[in-house]
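Notes for the one structure printed next.
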Amino acid sequence: MEVTFHICIVFLVIFGGNTVIADQCPTSPGRFQYYDGDTKVCCNGTLYDRYDRNKDSKEEVGCCGDVIYNVLDKICCGPNSLRERYVQSGEDQKKEQICCGTNIFQVAFGMSCCGNNYTKSDGCCNQTTPFNRTHSRCVRDKVVPLGHDYCNGTMFNRQKQRCCEDSTLWKISSNDRRFRCCGSEVYDKRTKQCCRGSGEKKIQPKTGQCCGTGLYDSSQELCCKNQVFPSFGRRQCCGKGTYDPAHQECCGGRAMKKGLQICCKGTIYTIDYKLHLRCCGNNVYYSTTHLCCKNGIKIEKTSPNHTRCCKRNATYYSCEKQEWEKANSVCGKVSFDKQSDLCCNSEIHRGAIKTGKRCCNPGTLAYDPRNQACCYGEVKRKTESCSSPTSLPAPIRMDRQTSGICSLCSQSAPQRKRFINNTADVCRTNGYRLKIEKLTKVSNLSSQLQISLLDVTVKANIYNLTYRPNKTEQHTLLIPSNCTNMDKFRKKTFLLLTDIVFHSSQNIVHLGDSDLIFPSGRKTEQIVKRRFKSCSSYIVRNIHKILSGQL
């Protein structure tokens, strides 16, 4: 287990309506400097480039205490304690090492860290003590034999004793289902019951129903908020009291007179139906002279014909229905004219309706049906075939939902981490770090055709640190299946390992089962880059540095 020591405070910073995660670097007492943790490292109050551009190696750096180090060559085993990631000499030279606390070990199959230990044990208690799950278990940060537990600091045998509220041991087996705990006491559920109220518990006979810690007769009484009241055959609970539904109503836990009072979100008002009194939030207004707008805002009508609340410069005013409908035509968050503009999945095409254009679903483009065709979100000339091999990868089958590119999307985080660390083929030409801007699922094309469209922004290529994408470079990824777990990647960053080379002029990129997609994180990227160093493409690219001992 590798531990990197540095002080970092994470903040949410809003720039131009977009929320980003920013780190804070304490540069001096009481002073901080914001920075992007994907490109910078804070170490001992100083900011460094995460990818050192002053060296030919372009390796990633990290912070160990107050020391900057290369994360692919060194590992941090404690404050200012740097060790070699690979054995430097002897018969085990070049073998990878791992930190377990402050100790260092050679990486071995089936072994894992537990505190300062590197062991084959399948359990780790309190992150310090290894144990074997076949005959032990971890209870309250302590290892005990199977079938045992702790009660108020004392270990006991569950076959012979039972612990109640971690304070009292009873000579009754914990597996005996006839008995249960009620507070620190034990009762026989065949003849008794446990009544609870106001933080207390009390054992009562099974002859009545619990109301708080006491009993009541449900045929003649009501239990309201742990208090017993006579029901008189018709009354019901209202807060800590009762009311008669024949001539009363319950408002916010209080009884009010039916027909003479009105309840507005828990507040009671005396009403006069001749004046058309109505609720507006927790207040009232007269519907003949006023309107109730959003968030309980009352405004006065400027005309008897006004029935809607319109808004200008954040201020409400009364208006007619026609004006309100025109003002509330929005596409995404922008107003548009329904008579002339076309809204395609939150994208406005001004004047498109007047020219006869239509939306090309499931994307945001518009097309002219007189000379253009819509091919699964892409606009083509009518002379081009929509079913040509260049339009969609073939063959496409529904069984791809559990294989290839979708397999990592459908796995849990621990499964995904193990696969990436041990099994995944990371030897690809490119490792793109991408941000999903929009996800569109297309599932109604045919019973055999299921695709997902991802609008993405390119952030970096972790396999080629000299690659500098344009900040506005966006692509649409066409995935040949309907991945079940892709929804959770909205507005998130992920890695795409592929042999495809992105070009700025390329709009739609067709992916296949040989490509890999998974969530991006610093530790995940370190694992991928470390494994990539054993790929032939990396060795060929850096052969001169390897022979000269620079890598």
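Values below: all heavy atoms of this structure, side chains included; hydrogens, waters and symmetry mates excluded. On a predicted model such as this, the values are computed, not experimentally measured, just so you know.
In terms of modelled atom types and a separation under 3.5 Å, the side chain of Ser198 and the main chain of Glu200 share no donor-acceptor contact. Checking side-chain atoms of Arg133 against main-chain N and O of Asp122 turns up a donor-acceptor pair under 3.5 Å. A distance-only check finds a donor-acceptor pair linking the side chain of Gln204 to the backbone of Thr213 [under 3.5 Å].
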Evaluate side-chain hydrogen bond (donor to acceptor under 3.5 Å, both in side chains) for Asn44 paired with Thr46, printing each intermediate quantity in order. CA-CA 6 Å; Asn44 198 27; Thr46 304; over 6 Å; no
Passes disulfide (SG to SG under 2.5 Å), Cys63 versus Cys43? Steps please. CA-CA 6 Å; Cys63 181; Cys43 199; 2.1 Å; yes
Could you go through Asn103 and Asn116, starting from their C-alpha distance and side-chain angles, then the distance that decides it, and tell me whether this counts as side-chain hydrogen bond (donor to acceptor under 3.5 Å, both in side chains)? CA-CA 6 Å; Asn103 296 331; Asn116 291 326; 4.6 Å; no
Would Ile75 and Leu82 count as a side-chain contact (heavy atoms from CB on, under 4.5 Å) here? Give the steps. CA-CA 6 Å; Ile75 49 179; Leu82 280 174; over 6 Å; no
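Taking the six-membered ring for Trp and the full ring otherwise, the centers of Tyr187 and Phe179 sit at least 6.0 Å from each other.
Under the 2.5 Å cut-off for SG-SG separation, Cys181 and Cys194 do not qualify: their sulfur atoms lie farther apart than that. In this structure, cysteines Cys211 and Cys195 have SG atoms that are not closer than 2.5 angstrom. Between Cys100 and Cys114, a gap of 2.5 Å or greater is found separating the two SG atoms. Not less than 2.5 angstrom separates the SG atom of Cys237 from that of Cys223. Remark: SG of Cys138 is not found under 2.5 Å from SG of Cys124.
Atoms SG and OH, on Cys42 and Tyr34 in that order, are 13.5 Å from each other to the nearest 0.5 Å.
Between Val528 and Ile462, the closest side-chain pair of non-hydrogen atoms falls below 4.5 Å. A 4.5 Å side-chain heavy-atom check between Val458 and Tyr432 finds at least one atom pair inside the cut-off. Taking the side chain as every heavy atom from C-beta outward, Phe494 and Lys435 never approach each other to under 4.5 Å. Counting only heavy atoms from C-beta outward, the side chains of Val186 and Cys164 approach each other to under 4.5 Å. Residues Gln193 and Cys210 have side chains in contact (heavy-atom distance under 4.5 Å, counting atoms from C-beta outward). At least one side-chain heavy atom of Ile98 sits under 4.5 Å from a side-chain heavy atom of Tyr118. The side-chain heavy atoms of Lys40 and Asp49, taken from C-beta on, include a pair separated by under 4.5 Å. Side-chain contact between Gln93 and Gln88: absent, with no pair of heavy atoms (C-beta onward) separated by less than 4.5 Å.
Asp23 has a carboxylate O that lies under 4.0 Å from a charged side-chain N of Arg522, or vice versa, which qualifies the two as a salt bridge. Taking a cutoff of 4.0 Å between a charged side-chain nitrogen and a carboxylate oxygen, Arg83 and Asp73 do not qualify as a salt bridge. Of the charged side-chain nitrogens involved, at least one lies within less than 4.0 Å of a carboxylate oxygen, so that Arg433 and Glu525 count as a salt-bridged pair. Ionic pairing of Asp149 and Arg162 is not present here: no N-O contact between side-chain nitrogen and carboxylate oxygen is shorter than 4.0 angstrom.
Within a 6.0 Å radius of NZ in Lys202, no more than 12 heavy atoms belonging to other residues, nucleotides or ligands are found. The environment of NZ in Lys206 is crowded: more than 12 heavy-atom neighbours from other residues, nucleotides or ligands sit within 6.0 Å.
A donor-acceptor contact closer than 3.5 angstrom is absent between the side chains of Thr119 and Asn117. Judged purely by distance below 3.5 Å, without hydrogens or angles, the side chains of Glu60 and Asn70 never pair a donor atom with an acceptor atom. Under 3.5 Å, the side chains of Asn152 and Asp166 contain no donor-acceptor pair of N or O atoms. The closest side-chain donor-acceptor pair between Thr476 and Asp455 falls under 3.5 angstrom.
Figure legend: Lys95 and Tyr86 shown without cation-pi pairing, the cationic atom not lying both under 6.0 angstrom from the six-membered ring centre and within 45 degrees of its axis.
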